[in-house]
Amino acid sequence: MPFASRLKVAGKSSDKIGQIKFTQAKAMEYILFIHNNTDLPATAQWDAFFAAANQSGLFLGGSEIAGAAQIGSKGVRATTDSVAGFMRFEAEDVSELHQLLALHPVYLQGGTLELCAMPQSS
């Protein structure tokens with residue numbers, strides 16, 4: 001199944017890339033949550049992805065996520081129960097980002113990536 005047809009955006013699955021639209025006049029920032037629902041990808045897959053991500057000019061950084069402390073009086077499921085890391089990107093055309101994410105090791109292993117737009121707020 002092609003990457004774009006498996007992409008989840010804002011909790012809704014899309015069958016076609018044309019249904020996933022983030023409209024912006026300039027570059028939009030995105031955060032990608034990397035779910036831990038697959039076997040660990042090989043180091044070579046990560047090396048190849050990071051080389052492509054750095055070359056693309058879209059990649060802004062990211063980190064593994066480990067451990068969490070909840071602050072507040074209402075309990076929720078810990079994000080770290082399902083999210084192992086995040087990455088940030090900036091793109092004028094989200095289809096370029098979709099092409100890059102098709103090379104992501106977690107996606108290639110059959111795992112879940114969750115892409116969220118981060119519109120500027122005033």
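Every value quoted in this text rests on a predicted model; they were computed, and no experiment measured them.
By the 4.5 Å heavy-atom criterion applied to side chains, Val106 and Trp46 are counted as neighbours. Taking 4.5 Å as the limit, some side-chain heavy atom of Met87 sits within range of a side-chain heavy atom of Ile34. Considering only heavy atoms from C-beta on, Glu114 comes within 4.5 Å of His35 through its side chain. In this structure, the side chains of Thr80 and Asn36 stay at 4.5 Å or more apart for every pair of heavy atoms. At least one side-chain heavy atom of Gln109 sits less than 4.5 Å from a side-chain heavy atom of Gln45. You'll find the side chain of Ser56 stays beyond 4.5 Å of the side chain of Glu96, heavy atoms only. Within the 4.5 Å cutoff, the side chain of His104 has heavy atoms near those of the Leu32 side chain.
Closest approach of Gln70 and Gly75 over heavy atoms only: OE1-CA, 3.9 Å. The two residues Ala52 and Leu103 make their nearest non-hydrogen contact at CB-CD1, 4.1 Å.
Atom-to-atom distance recorded for Leu58:CG and Leu97:CG is 6.0 Å, nearest 0.5 angstrom.
Cluster partners of Val76 are absent, since no Ile, Leu, Val, Met, Phe, Trp or Tyr has side-chain heavy atoms less than 4.5 Å from it. The hydrophobic cluster containing Met118 also includes Ile31, Phe33, Ile65, Val83, Phe86, under a criterion of side-chain heavy atoms closer than 4.5 Å among ILVMFWY residues, counted directly or through chains of members.
Linking ILVMFWY residues whenever their side-chain heavy atoms come closer than 4.5 Å, directly or via other members, leaves Phe49 and Leu40 in distinct clusters. Grouping the Ile, Leu, Val, Met, Phe, Trp and Tyr side chains by contacts below 4.5 angstrom, directly or via other members, places Phe50 with Leu101.
Aromatic ring pairs are classed by plane angle as parallel below 30°, tilted from 30° to 60° and perpendicular above 60°; the pair Phe89 and Phe59 is tilted.
Applying the salt bridge (charged side-chain N to carboxylate O under 4.0 Å, His left out) test to residues at least two apart or on different chains, the pairs with a partner in residues 28-46 are Glu29-Arg88.
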